[in-house]
Each structure stands twice: as C-alpha cells, then as structure tokens.
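Side-chain atoms are counted along with the backbone in the values below, which use heavy atoms only and exclude waters and symmetry mates.
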Amino acid sequence: MANNIIAIGRQYGSGGREIGEALAKKLGVKCYDKELITISAQKSGMCKELFEDMDEKPIKAMYYMEVAPFAQAQYPINHQLFLAQMNVIREIAQRESCVFIGRCADYVLAEHENCHSVFVHAPFADRVKRAMERTGLEERKAEKLVRKIDREREAYYDFYTSKLWGAADTYDLSLNSSAFGTQKCVDIIAGIL
C-alpha cells in the first residue's frame with residue numbers, strides 16, 4: 001500500500017501552513033514546506049537562492065532563458081527549478097507518509113493512490129488580520145501583501161498544473177479555516193485517511 005500523503009494548497013493568511021504542521025504532528029509524519037527548497041537545491045546542484053526567488057511565484061521573464069550548466073538546459077531556468085522540486089516531492093512521497101504545503105504537490109502526485117488534496121481558505125478580512133499579526137504591517141499594506149501573494153500562488157499553480165487554484169473541484173477537500181479553526185481543520189483532514 002502506498003504512503004498516505006496530504007497536499008495542502010492555501011490562500012495567504014488562511015493558516016494553511018499552521019494546519020499542515022499541526023496535522024503532521026498529529027499523524028506523526030513530516031511536514032514539507034520551505035524544506036523543499038533546500039532539498040531541491042542540494043539534489044539538483046542549482047543555487048538555493050534561485051529556488052527561494054521563484055518559490056510559488058509566476059514566471060519572470062528574466063528566468064525564461066536557457067542556462068547551459070544544468071542537466072536539463074533545454075528548458076528555461078524556471079522549468080528546471082519546477083522539475084527539480086517535482087522530482088524531490090515524488091521521491092519523498094515514495095519513501096514516506098507526509099504532508100506537503102503548496103508547490104503544486106497535489107498535481108505532482110495526482111497519480112499517487114493515497115494522495116489527498118486539501119485547499120485551505122478564509123474570508124479576506126480574516127486573512128488580512130492574520131497577515132498583520134504575522135508581519136506587523138498596517139492594514140492597507142497587509143491587504144496588498146495578501147492580494148499579491150495570492151496572485152503569485154494562483155499564477156504559479158495555474159501555469160504548471162492546467163488546473164484552477166482554489167477551485168473546489170480541483171481538490172478533494174476545501175476548508176474555511178475561519179469557520180472551523182485550526183484544530184477542527186486538522187481533525188477533519190486526519191479523518192479522511
């Protein structure tokens with residue numbers, strides 16, 4: 001039987017990362033979020049800063065070029081980064097049960113028999129409040145940040161997956177974290193395994 005995988009997509013400020021981390025702890029498995037950047041850089045030999053700069057962001061024209069030193073040089077650098085991260089996600093899913101946060105993991109593992117995709121969302125005002133608490137920004141700047149990061153995640157997801165980010169029929173489960181709270185969301189997700 002294949003490992004149990006939960007792939008969590010999330011709106012910025014919805015608490016998706018916190019839910020994923022709490023879920024992993026409850027299940028006794030690892031949660032992979034930013035760690036994927038480090039692992040992908042090490043395995044691919046590409047610069048970690050490139051992965052950080054492109055992390056769940058839409059394609060930048062300056063990266064849409066060939067870079068000869070890399071093994072997949074026939075692809076633009078942004079595609080090389082996506083492919084490297086995709087390979088790491090698949091390798092991890094093959095060896096262990098875990099929780100992935102973002103990075104199109106639901107799409108990458110679509111053929112994995114025990115991968116369940118979840119999208120965590122919340123009302124805009126609640127997400128802005130969470131962003132203000134997390135970053136210390138004043139309300140107007142927090143609103144801009146929430147919109148900006150959501151646009152980037154949506155563009156990245158839609159480009160690489162041919163699916164619609166946040167659309168209910170794209171995921172196995174969609175949860176409003178404001179309606180349920182972190183612990184109830186964790187319990188609901190854990191209940192699908």
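Under the 4.5 Å side-chain criterion, counting only non-hydrogen atoms from C-beta, S177 is in contact with I19. For the pair R127/D150, a side-chain contact is recorded, criterion being any heavy-atom separation below 4.5 Å from C-beta on. The shortest distance between side-chain heavy atoms of I5 and C98 falls below 4.5 Å. Contact of the M86 side chain with the Y107 side chain is not registered, since no non-hydrogen atoms from C-beta on lie closer than 4.5 Å. Residues L109 and F100 are in side-chain contact: their nearest non-hydrogen atoms beyond the backbone lie under 4.5 Å apart. At a threshold of 4.5 Å between non-hydrogen side-chain atoms, the residues K34 and R103 count as touching. A 4.5 Å side-chain heavy-atom check between Q85 and I39 finds every atom pair outside the cut-off. In this structure the side chain of L175 reaches within 4.5 angstrom of the side chain of I189, judged on heavy atoms.
A salt bridge links K148 to E152: at least one charged side-chain nitrogen sits closer than 4.0 Å to a carboxylate oxygen.
When atom types are taken as modelled, the side chain of N3 and the backbone of Q94 share a donor-acceptor pair closer than 3.5 angstrom. Judged purely by atom type and a 3.5 angstrom limit, R10 has no side-chain atom pairing as donor or acceptor with the backbone of G15. In this structure, the side chain of Y157 does not engage the main chain of C104 through any donor-acceptor pair within 3.5 Å. With R130 contributing its side chain and G13 its backbone, the two residues share a donor-acceptor pair below 3.5 Å.
Checked against side chain to side chain donor-acceptor pair (under 3.5 Å), Q183 has the following partners two or more places apart in sequence or in another chain: D187. With sequence neighbours left out, the side-chain contact (heavy atoms from CB on, under 4.5 Å) criterion links S178 to A122, P123, D126, N176.
Of the candidates F119, Y156, Y12, W165 forms a ring pair (Phe, Tyr, Trp, His ring centres under 6.0 Å) with just one, namely F119.
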Checklist entry - Would I8 and Y171 count as a side chain to side chain contact (heavy atoms under 4.5 Å, CB included) if you check the C-alpha gap in whole Å, the side-chain angles of each, and the deciding distance to 0.1 Å? => result CA-CA 9 Å; I8 298 179; Y171 304 90; over 6 Å; no
Next on the checklist: Checking I92 against L36 for the side chain to side chain contact (heavy atoms under 4.5 Å, CB included) test, could you report, in this order, the C-alpha distance in whole Å, the side-chain angles of both residues, the deciding distance, and whether it holds?
Outcome noted: CA-CA 10 Å; I92 292 169; L36 290 171; 3.8 Å; yes
Item to check | Evaluation steps, side chain to side chain contact (heavy atoms under 4.5 Å, CB included), between L193 and I6 | outcome: CA-CA 9 Å; L193 296 177; I6 299 292; 3.7 Å; yes
Next on the checklist: Working note: V29 + E96, criterion side chain to side chain contact (heavy atoms under 4.5 Å, CB included); need CA distance, chi angles, decisive distance, verdict.
Outcome noted: CA-CA 8 Å; V29 300; E96 65 187 81; over 6 Å; no
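I192 and I101 end up in the same hydrophobic cluster when Ile, Leu, Val, Met, Phe, Trp and Tyr side chains are linked at under 4.5 Å. Under a hydrophobic clustering in which Ile, Leu, Val, Met, Phe, Trp and Tyr are joined whenever their side-chain heavy atoms come within less than 4.5 Å, directly or via other members, V118 and L164 fall into different clusters.
Annotation: the span from T38 atom OG1 to Y32 atom OH amounts to 12.0 Å, rounded to 0.5 Å. Remark: D33 CG to E35 CD distance equals 6.0 Å, nearest 0.5 Å. Separating the NZ atom in K141 from the CG atom in L145 is a distance of 11.5 Å, to the nearest 0.5 Å.
Taking each heavy atom of N4 and S97 in turn, the nearest pair found is N-OG, 3.0 Å. Contact between D158 and K163 at its shortest, heavy atoms only, is OD1-O, 3.0 Å.
R95 CZ: more than 12 foreign heavy atoms inside a 6.0 Å radius. The neighbour count for E138 CD, taken as heavy atoms of other residues, nucleotides or ligands under 6.0 Å away, is above 12. Surrounding CD of E91 are more than 12 heavy atoms belonging to other residues, nucleotides or ligands, all under 6.0 Å away. Counting non-hydrogen atoms of neighbouring residues, nucleotides and ligands closer than 6.0 angstrom, the NZ atom of K129 reaches no more than 12 such neighbours.
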